[in-house]
Chemist: 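Please read through the structure below; I'll follow up with questions.
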Amino acid sequence: MASLPSVLVGNNTLKLEPDFKKHLPTTSLSVQQKGNYNNKTATTQLVESYESVSLDFREALSVIQDGSSGFESNVYIPILQECMNNQSVSQTQMIHAHIIKTGTFEDLYLMTFVVNVYGKCGAMDLARKLFDDLPKKNVVTWTSLMSGYIQSSEPMVAIRVFSEMLEDGTYPTNYTLGVVLHACTLLLSVKLGEQLHGFIVKYQVEDDTSIGNALSCLYSKCRSLDSAVKAFSRTGDKNVISWTTAISACGDNGDSVMGLSLFTEMLYDGIEPNEYTFTSVLKVCCFMQAMGVGSQVHSLSIKLGYQNNIPVTNSIMYLYLKCGLISEAKKLFEGMGKISLVTWNAMIAGHAKMMEQAVDSLLAHSSGMEALNIFKKLNRSNMKPDLFTYSSVLTVCSALVALEQGEQLHAQTIKSGFLSDVVVGTALLNMYNKCGSIEKACKAFVEMSIRTMISWTSMITAFSQHGHSQQALQLFEDMRLAGVRPNKITFVAVLSACSHAGMVDEGLAYFKLMKNEYKIKPVMDHYACLIDMYVRLGQLDEAFDFIKKMEFEPNEFIWSNLIAGCRSHGNLELAYYAAEQLLNLNPKDCETYVLLLNMYLSAGKYQDVSRVKKRMKIEKVGKLKDWSWISVRDKVHSFKPDDRLCPPGGEVDLMLADLLEKARTIGYEAQGSFGVTDEEGLEQTTSKIIHHSEKLAVAYGLLNAPNESPIRVIKSISMCSDCHSFIKLISVITEREIIIRDSKRLHKFVNGKCSCGDFGSLM
DNA sequence: CTAGGGTTAG
């Protein structure tokens with residue numbers, strides 16, 4: 001904000017005159033203009049009729065030329081509108097030249113329109129040049145120029161133009177203030193926005209519709225829903241835009257209940273929703289994953305004629321995906337006559353979201369693969385991916401641990417220039433982190449020219465997940481020095497770094513800092529970190545005390561961590577208790593049963609075994625799906641324990657046998673655990689345990705991945721402790737980095753050590 | 001000249 005024009009900041013605030021209000025038009029300018037457009041002269045209609053049969057501009061212009069005796073400059077308006085729709089700079093230039101030739105350039109109203117069209121086509125250099133050449137300009141001309149800069153994502157320039165206008169002695173209208181407020185919104189500058197708001201209050205124009213709408217939008221985008229709603233309620237004549245802005249504010253700030261009730265209220269008030277309203281209210285539905293309400297909104301949109309509207313259909317498609325209805329989304333996608341880049345992006349992002357939400361890892365994996373497929377199709381189409389596309393696809397690569405595709409995307413973002421976008425940069429950082437490469441994640445972070453709070457948090461999280469607690473905490477201090485305010489997620493990373501390193505005092509100090517200095521209310525995840533801290537140190541009683549006096553019902557992570565601690569520190573009674581609690585939380589989760597059964601079996605508590613088995617039957621718990629995937633040279637290979645891809649005597653089988661032999665010489669002994677269940681119950685799996693899917697995938701990787709490159713595997717359930725200790729040894733024997741992302745966390749095995757600190761394998 | 005659909009961290 002340092003380079004804001006001096007008229008707008010500091011002592012020398014806005015130079016608006018006290019009688020500013022009388023310069024606000026009583027009727028809105030746009031209505032006057034619209035009136036002019038509709039007042040068609042015979043020539044205009046002639047031109048329009050030509051337009052409807054052919055888009056040949058020369059032909060249209062020749063008509064004007066033929067009847068050039070005494071025609072109005074208005075005849076250009078429909079053609080210019082066509083230029084705007086086509087986003088064609090060259091067509092606009094042609095008309096512009098024609099206007100100059102016929103001498104109509106003295107018409108300020110017409111020339112303002114041309115400035116506007118250049119702006120809409122993104123040709124701001126031409127717009128500015130024309131503007132500078134104009135002998136006279138009025139407030140609409142100035143406003144049009146500003147609006148053009150906003151369209152070209154140059155809100156700062158728009159504000160500079162505003163200050164030029166004030167220095168020029170031209171008074172703003174309500175529309176002008178709306179545009180400037182919009183620039184503040186894009187800059188997320190509440191400060192400047194509030195300054196303008198001050199003047200707006202002083203001149204008592206707060207109830208103006210354009211101003212109220214713009215204020216509401218500004219506060220919403222700056223995450224202040226209360227102020228946004230206040231601005232909305234103070235708006236005098238609420239039009240469809242006012243309502244839509246308010247609904248959209250609710251969607252953006254997570255108050256879906258208010259969003260839906262505003263929509264209902266709006267319908268009761270007899271305001272007809274338009275395409276913008278539909279997209280906004282559908283976003284609210286997305287937030288709630290409310291397919292029921294969404295369907296009703298969908299029906300209403302069709303009734304009002306938006307069946308073939310691209311933005312509305314995109315929103316519905318995205319809602320389907322958010323609600324897990326893939327085939328419905330696909331049907332809609334394939335049925336769309338025209339699609340936009342946003343359509344592609346919504347499909348990709350929707351599949352990425354499905355991965356995130358899917359309880360079933362198989363489904364998550366196939367959604368990710370489908371997202372990559374859609375991306376490939378987009379690349380073959382005539383459209384080019386943009387920053388939204390790259391952010392989503394990179395996220396998909398993270399979740400798939402698909403480093404090679406991720407690296408190709410990295411190259412593409414450099415080539416296309418989208419890497420300079422902070423969201424894309426952050427997504428890249430996360431991709432490298434989740435693929436196990438802390439070095440490349442770090443490089444991506446260092447090379448970013450702008451860093452948001454999320455970028456910092458991502459990097460702190462990366463250090464924390466890799467077990468580099470000191471670096472995580474150092475970076476947190478750097479973040480504070482850089483003046484970036486952490487949020488609750490940042491503190492999750494910080495606290496988990498502390499627990500990983502056993503730093504109890506520091507952990508508690510950061511917890512206090514979060515509550516006292518940053519006024520962040522602790523959530524479950526923070527408590528989970530603190531409890532994990534005690535658990536790792538073997539202070540189980542302290543951990544349990546903490547759980548008891550906490551104001552939340554403990555979640556599955558807390559119980560899981562407690563179980564892990566109890567087992568490694570030999571407090572079995574507490575472990576049983578925690579495991580039963582976990583089971584009550586997750587009565588359908590197969591992994592939990594396997595964990596519990598293993599515990600009781602190894603202790604010889606057969607009564608408990610049969611009790612748990614009985615419950616398993618009642619709950620109809622299915623088979624444990626142990627799958628692993630590895631991506632080698634752009635192709636994904638999947639493995640199941642009894643995989644036909646790895647027949648006895650095949651290369652993977654031989655490789656695994658060889659590894660087992662070598663591991664035994666340095667002390668490996670297969671643990672007799674009960675890994676896999678079927679409908680009948682449990683099978684003793686000492687023989688099967690050596691065929692757990694990640695062992696097969698790692699063996700395959702060692703055979704087929706490029707020499708010395710790390711092995712990256714993704715797994716559908718959490719690793720069992722046997723695989724965990726086996727892979728640790730493999731990392732010593734082969735001197736390779738092995739990265740396994742299971743359903744719970746990242747394991748990076750280097751030289752016999754795992755980044756999880758041996759606290760991540762329960763089964 | 002104002003309003004929209006798709007993006008990043010646990």
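Order of the sequence lines sets the chain letters (A, B, ...), proteins ahead of strands, with each chain counted from 1.
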Chemist: Hey, does S391(A) reach any base, or is it just sugar-phosphate, or nothing, if we go heavy atoms under 4.0 Å?
Modeler: base

Chemist: If we count only N and O atoms by modelled type, under 3.5 Å, do the side chains of N314(A) and N345(A) hold a donor and an acceptor together?
Modeler: no

Chemist: Picking from dC1(B), dA3(B), dG5(B), which would you name as closest to the side chain of S315(A)?
Modeler: dG5(B)

Chemist: Can you tell which of dG6(B), dA9(B), dT2(B) lies closest to the side chain of D386(A)?
Modeler: dG6(B)

Chemist: Looking across every strand, which nucleic acid part, if any, lies under 4.0 Å from K322(A) by heavy atom: base, sugar-phosphate, or nothing?
Modeler: nothing

Chemist: Across the strands shown, which category fits T244(A) at heavy-atom distances under 4.0 angstrom: base, sugar-phosphate, nothing?
Modeler: nothing

Chemist: Considering only dC1(B), dT2(B), dG10(B), which nucleotide approaches the side chain of Q465(A) most closely?
Modeler: dG10(B)

Chemist: Report the relative orientation of the aromatic rings in Y390(A) and F418(A); use parallel for angles under 30°, tilted for 30 to 60°, perpendicular for over 60°.
Modeler: tilted

Chemist: Establish whether the base of dG4(B) is bridged to the side chain of N274(A) by a donor-acceptor pair shorter than 3.5 Å.
Modeler: no

Chemist: Could you check whether I310(A) gets within reach of a base, just the sugar-phosphate, or nothing at all, counting any heavy atom under 4.0 Å?
Modeler: base

Chemist: Measure the CE-CZ distance between M524(A) and F557(A) for me, rounded to the nearest 0.5 Å.
Modeler: 10.5 Å

Chemist: Test ring pair (Phe, Tyr, Trp, His ring centres under 6.0 Å) on F511(A) and F491(A); report intermediate values, then the result.
Modeler: CA-CA 8 Å; F511(A) 188 63; F491(A) 277 102; 9.1 Å; no

Chemist: From the list dG4(B), dT7(B), dT8(B), which nucleotide is the closest neighbour of the side chain of S280(A)?
Modeler: dG4(B)

Chemist: By nearest atom, which of the nucleotides dA3(B), dA9(B), dT7(B) is closest to the C217(A) side chain?
Modeler: dA3(B)

Chemist: For the residue pair F113(A) and Y109(A), does the interplanar ring angle fall in the parallel (under 30°), tilted (30 to 60°) or perpendicular (over 60°) class?
Modeler: perpendicular

Chemist: Considering every strand and a 4.0 Å limit on heavy-atom distances, what is the contact class for M459(A): base, sugar-phosphate, or nothing?
Modeler: nothing

Chemist: Which nucleotide wins on minimum distance to the side chain of K353(A), given the candidates dT7(B), dG5(B), dA3(B)?
Modeler: dT7(B)

Chemist: Which nucleotide sits closest to the side chain of A427(A): dT8(B), dG5(B), dA9(B)?
Modeler: dT8(B)

Chemist: Please confirm whether any donor atom in the side chain of S340(A) sits under 3.5 Å from an acceptor in the base of dG5(B), or the reverse.
Modeler: yes

Chemist: I want to verify a distance call: between dT2(B), dA3(B), dT7(B), whose nearest atom is closest to the S147(A) side chain?
Modeler: dT2(B)

Chemist: How is Y318(A) classified with respect to the nucleic acid when contacts are heavy atoms under 4.0 Å: base, sugar-phosphate, or nothing?
Modeler: sugar-phosphate

Chemist: Under 4.0 Å between any heavy atoms, over every strand shown, what does D525(A) touch: base, sugar-phosphate, or nothing? Just pick one.
Modeler: base

Chemist: NA contact type, N487(A), heavy-atom cut-off 4.0 Å: base, sugar-phosphate, or nothing?
Modeler: base

Chemist: Taking the six-membered ring for Trp, does Y276(A) stack with dG4(B) (centroid gap under 5.5 Å, planes within less than 30°)?
Modeler: no

Chemist: So what does A349(A) hit on the nucleic acid, given a heavy-atom distance under 4.0 Å: a base, only sugar-phosphate, or nothing?
Modeler: sugar-phosphate

